[in-house]
Structure formats: structure tokens, C-alpha cells
Amino acid sequence: MAKEITSREENYSQWYLDIVKKAGLADNSPVRGCMVIKPYGYAIWEKMRDQLDKMFKDTGHVNAYFPLFIPKSFLSKEAEHVEGFAKECAVVTHSRLMADPNGNGLIVDPEAKLEEELIVRPTSETIIWNTYRDWIKSYRDLPLLINQWANVVRWEMRTRPFLRTTEFLWQEGHTAHSTSEEAQMEAAMIHEVYARFAEDFMAMPVIKGAKTANERFAGALETYTIEALMQDGKALQAGTSHFLGQNFAKAFDVTFLSDKNQVEHVWATSWGVSTRLIGGLIMTHSDDEGLVLPPKLAPTQVVIVPIPKPDPEIMSVADKIADQLKERGISVLIDKDDKNRPGFKFAEYEMKGIPVRIGLGKRDIENNQCEVARRDTKEKMPFGLDNIGEQISVLLDDIQENLFARAKSYRAEHTSEASNMAEFVDILDNKGGFVVAHWDGTTETELKIKEETKATIRCIALDALEEEGTCIYSGKKSTKKVIFARAY
RNA sequence: CGGGGCGUAGCGCAGUCCGGUUAGCGUACCUGGUUUGGGACCAGGGGGUCGCAGGUUCGAAUCCUGCCGCCCCGACCA
């Protein structure tokens with residue numbers, strides 16, 4: 001494995017690509033815009049998935065699976081939805097290949113053209129709502145709380161590993177309710193679940209807010225978002241939860257008989273997070289030495305490195321340490337490699353972001369101790385071997401908290417207020433980060449600001465104060481400040 | 001799709017301007033030895049349709065024509 005990664009200061013974007021590659025998270029693939037997620041990257045996704053899945057189930061949801069392909073006609077049933085996704089759909093037109101009569105390998109068999117073309121799902125609202133029509137007859141069938149773990153395809157023009165790929169993995173929740181209020185509560189509740197996951201597990205602070213009409217999901221009445229700030233001062237939309245009103249119910253004619261024997265359309269939500277979270281995780285915590293992972297999502301939390309190399313005496317002590325850690329549910333790897341020297345291994349494990357490294361040599365064993373190094377601060381300290389399990393457990397909690405605190409203080413330092421356009425542009429160009437400013441509430445102003453500064457309204461924070469002010473662009477009246485940033 | 005850049009060993013590159021033995025370097029990989037508390041050293045070894053297809057030439061990684069692909073910046077987006 002290569003030794004050097006580009007520093008963040010030199011080229012942030014290259015730094016990111018280097019981390020993805022050299023920490024062994026993903027490789028490019030022969031297919032444009034698609035990546036191979038390698039075992040280590042996938043292990044992180046599995047940790048995220050398992051935790052989120054638990055949170056969804058704890059809030060009453062169940063998993064199901066719907067088809068990858070969607071009949072083309074479905075997509076056009078909800079007008080805004082089709083407008084939002086039509087430009088980035090992969091389309092299946094034929095079902096068969098044949099040998100080229102001219103001898104140039106394989107060609108599409110023109111005889112095998114499909115009656116109705118199929119869309120590879122960019123999201124599953126349409127096929128799911130088409131199915132819900134048959135599942136929902138009575139208010140007693142509601143609420144219907146379903147989640148699916150799946151891959152989706154959006155034909156993006158520019159891609160970056162994890163942050164934006166043509167195919168990506170995600171979960172999408174699709175719920176149906178008998179009242180508007182209940183659906184809105186569901187969307188808000190999931191929004192809260194996402195925020196808790198981001199902060200408590202990813203150690204990534206997020207702002208909870210609502211999207212403006214312009215930035216809303218195609219077909220939604222309200223889109224809630226969690227917005228995170230990356231180390232280069234750009235914002236990342238990390239998860240969204242949508243209140244869809246009755247749009248999809250009407251488009252797919254999904255009705256139920258209420259307890260008052262009235263036919264009504266159901267109310268809907270949908271919500272999702274994707275492998276993009278891994279990109280957010282990387283850009284929130286990692287440094288010029290490599291990946292930094294929060295202990296709660298690290299596939300391996302502790303690695304034990306025998307020094308200078310494995311031998312029976314050291315390995316037997318290492319096994320005992322590992323047993324004590326495993327008793328506490330800590331995932332631990334004992335390095336059994338006898339080829340590389342310790343210094344090489346230290347650098348490798350730092351590159352992979354393993355939160356805690358234990359160095360164990362004869363000298364340590366004589367003193368009944370080991371050398372413990374934490375990835376987040378790179379500090380090293382001796383730990384006694386007695387009650388090592390408890391000490392490491394406390395340390396892992398401390399690392400988790402420290403990463404969150406560090407990210408929060410970065411965000412605080414990179415959140416500014418602007419009272420006019422000059423200040424606004426100055427902050428964006430020279431400092432980056434979130435810029436809090438008054439906005440007149442019109443899409444027109446929002447688009448002008450985007451055009452002139454490349455900054456978008458990330459969200460209207462849920463906890464934004466009502467206050468009189470004037471829009472930084474138009475000078476018109478504003479009732480609250482909103483959060484702007486340049487974003488991924 | 002616009003503007004830049006690049007295709008030579010797994011990865012990173014030199015060689016191309018000005019054609020000429022067997023295509024080279026670093027790293028990674030394999031073998032042996034000495035090493036080992038922060039990215040070791042020595043010796044030996046394997047690995048290449050020089051992006052593809054034509055053309056010019058006694059001779060092409062190098063010159064000409066066409067094509068393909070990738071990366072970066074922008075518009076679009078989770």
C-alpha cells in the first residue's frame with residue numbers, strides 16, 4: 001500500500017479520493033460512475049445499516065422488498081415526480097443480445113424489444129404506491145410502515161465515490177397514514193431518528209431543518225433535512241424525510257374507508273439515507289494520516305500489534321487482552337503478520353482509521369502494561385493490563401465524544417452571520433461554512449443568490465427564531481434567518 | 001454537453017518534441033538472508049498486445065488519420 005496521501009490543504013478533493021482508495025473503502029469500476037465497495041468500506045456500511053435498521057424497527061417499521069424495475073408509465077403518474085427524475089433514469093429497452101452478423105461480438109437483438117420499457121428505479125415511490133393500492137382498504141390497514149434496503153440508479157453527470165455514484169445503496173421508508181397530522185408526525189419522527197444517528201453514532205453534528213420549496217423532493221409538500229458541514233467548509237445533505245401529502249395516493253388512487261365510512265385518500269411519507277453517509281463520515285473526521293472512524297461505526301475498534309512481531313509469549317498475552325475486550329462487546333483484531341515491521345503497521349492501521357491501537361512487546365509484559373494509541377489525537381499512553389477491558393471501553397467512549405465535540409467546534413467556528421451581500425460573498429469566498437442570513441422567502445431570490453454565489457439555502461432550521469429583518473439580496477422584509485452554504 | 005489534461009507492469013511516472021539494439025525507473029509482488037518499540041536493508045526474480053484501429057517507414061511507444069476511454073473544472077443532483 002502506498003505511503004502518501006495528498007494533504008487536505010494541498011487538494012481537498014484529491015485527499016478525499018486518496019482516503020477512499022488507500023483505506024481500502026472502494027475502487028473504481030469498469031462502469032462509469034459506479035464503484036466497487038470493498039470489504040472494509042462495506043463493513044462500515046453494514047454497521048450503519050444494522051444500527052439504522054434497529055432504530056427503524058424500534059419505531060414500528062418492517063422491511064420489505066420491491067422490484068428493481070419500474071414500468072415506464074408509472075413514473076409519469078405524479079407530475080412533479082417525473083419532472084424531478086426523468087432526466088437521470090436508466091432505461092431497459094430490450095431483453096436479449098445476439099451474435100453480430102458482421103462478426104463484431106454481441107449486439108442488441110432488435111426482435112427482443114420490450115412492449116413497455118422498464119426504468120431502473122431512481123427511487124421506489126411509484127412502484128410502492130401502485131402496490132399499496134391493493135394493500136390498503138380500511139383505516140384498520142393503516143398506518144403502513146415499510147422500509148426497504150436497496151440499490152438505486154440515478155444517471156448523474158458527475159460522480160465521486162460514496163458522495164455521488166450512479167448506483168448507490170440506501171434505505172427508503174414509505175409509509176401510509178389515515179390523517180395528514182399522523183403522516184407529518186411520522187416524517188418529523190424519522191427526521192429525528194436520522195439526526196440522532198448522525199450525531200450519536202457518526203459523531204457528525206447536523207442541523208435539522210426544512211427545505212425551501214425549490215429544494216424540496218420531487219412530489220413532496222415538505223422535505224426535512226439533516227445538513228452537515230465538511231472540513232472544506234462545504235455542506236452535505238446527509239438525510240431527508242418527506243411529507244408527501246396525498247400526491248402519490250391520488251396519482252395511484254390509493255384510498256381507504258375511514259371509521260366514518262368515508263372514502264379518503266391516504267397520507268404519505270418517504271425518507272432515505274444512502275452510502276453517501278460514508279462520504280460524510282470520511283470528510284467529517286479524517287485527517288492527513290488517513291481515515292478516522294468513530295468507535296461506534298468502526299468495523300474493528302481495537303487492533304493489537306505484537307512488537308516486534310508475533311511470538312508465542314506475546315500472542316498468549318494478546319489473546320487474554322482480546323478476550324477481556326470481547327467480553328465487553330469490543331471488536332478486536334490481533335495482528336498476526338510476521339513480515340512487516342511495527343512502524344509500517346502503525347501507519348497502516350492509522351490509514352484505516354482503527355480507533356485504538358495496542359502495542360504489546362516483551363518490555364510491556366514485564367511491566368504488566370501495554371502501549372495504547374488513540375487514532376483521534378494520536379496520543380500514546382501506557383495502560384495496566386489489569387482491568388484493560390474497562391479502560392479501553394472508557395477510552396472508546398471518550399474518543400466517540402471527542403470526535404463529536406471536535407466536529408461541533410469546527411462547525412461553530414465555520415458558522416457565520418451575514419447582513420448584506422458583500423459580507424455574504426466575503427464569508428463564502430474566504431471562510432466557507434454555513435452562513436446564516438435573512439431571506440425574503442421567494443424562489444426568485446433564492447435562485448439569484450445561487451446563480452451569483454453558488455450558495456444554496458441548505459435549510460430553514462427548525463429552531464430558527466422569528467425575527468424581523470431584511471433580505472440580504474432583495475432588501476425586502478424577512479421573518480427569519482435561513483442557512484446558506486455551498487454544498488456537495 | 002462546454003473548457004482543460006491524460007492513456008506506457010497492480011499503483012505512480014520517465015521516454016514521445018528530434019523514429020533506431022532486448023522499453024526504463026520508483027513502489028508493490030515472489031524467494032533467500034540480515035533486521036524489527038514509528039513507514040528496514042542486501043541479493044536474486046516474475047510481471048508489458050506502450051488505449052484501439054488503420055497509415056507512413058527498412059524500422060513506430062515516438063510521425064499521420066480516425067476512434068475509444070479516463071480524470072479535473074462547470075451546468076444537473078442524495
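- Here the two rings, on A:Phe434 and A:Phe484, have centers that are 6.0 Å apart or farther.
- For the segment residues 273-291 of chain A, the set of residues with a heavy atom within less than 4.0 Å of an atom of RNA chain B comprises A:Ser274, A:Arg276, in numerical order.
- Using a 3.5 Å distance cut-off with no hydrogens or angles, the side chains of A:Gln301 and A:Lys296 do not pair a donor with an acceptor.
- One can find a donor-acceptor pair under 3.5 Å joining the base of B:rG38 and the side-chain atoms of A:Glu350.
- Scanning atom types as modelled, one donor and one acceptor separated by under 3.5 angstrom connect the side chain of A:Asp364 and the base of B:rG37.
- Among the heavy atoms of the strands, none lies under 4.0 Å from A:Ile226.
- Remark: aromatic rings of A:Trp271 and A:His61 are close, center separation under 6.0 Å.
- Phosphate contact (OP1/OP2 of B:rU35, side-chain N/O of A:Lys339, threshold under 4.0 Å): absent.
- Across all strands shown, B:rU31 forms a Watson-Crick or G-U wobble pair, both distances under 3.5 Å, with B:rA43.
- Look at A:Arg363 and you won't find any side-chain N or O under 4.0 angstrom from OP1 or OP2 of B:rG37.
- When each of A:Lys380, A:Arg357, A:Arg375 is paired with A:Glu350, the salt bridge (charged side-chain N to carboxylate O under 4.0 Å, His left out) condition holds for A:Arg357 and for no other.
- Between the side chain of A:Lys380 and the base of B:rG38, at least one donor-acceptor pair of N or O atoms lies under 3.5 Å.
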Show me the side-chain donor-acceptor pairs of residues 193-208 of chain A shorter than 3.5 Å, one per line, residues at least two apart or across chains.
from     : atom 1 : to       : atom 2 : distance (Å)
A:Tyr194 : OH     : A:Gln171 : OE1    : 2.5
A:Tyr194 : OH     : A:Gly272 : N      : 3.0
A:Glu199 : OE2    : A:Val206 : N      : 2.9
A:Lys208 : NZ     : A:Glu192 : OE1    : 2.4

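- The existence of a salt bridge linking A:Asp429 and A:Arg486 is confirmed by a sub-4.0 Å separation between a basic side-chain nitrogen and an acidic carboxylate oxygen.
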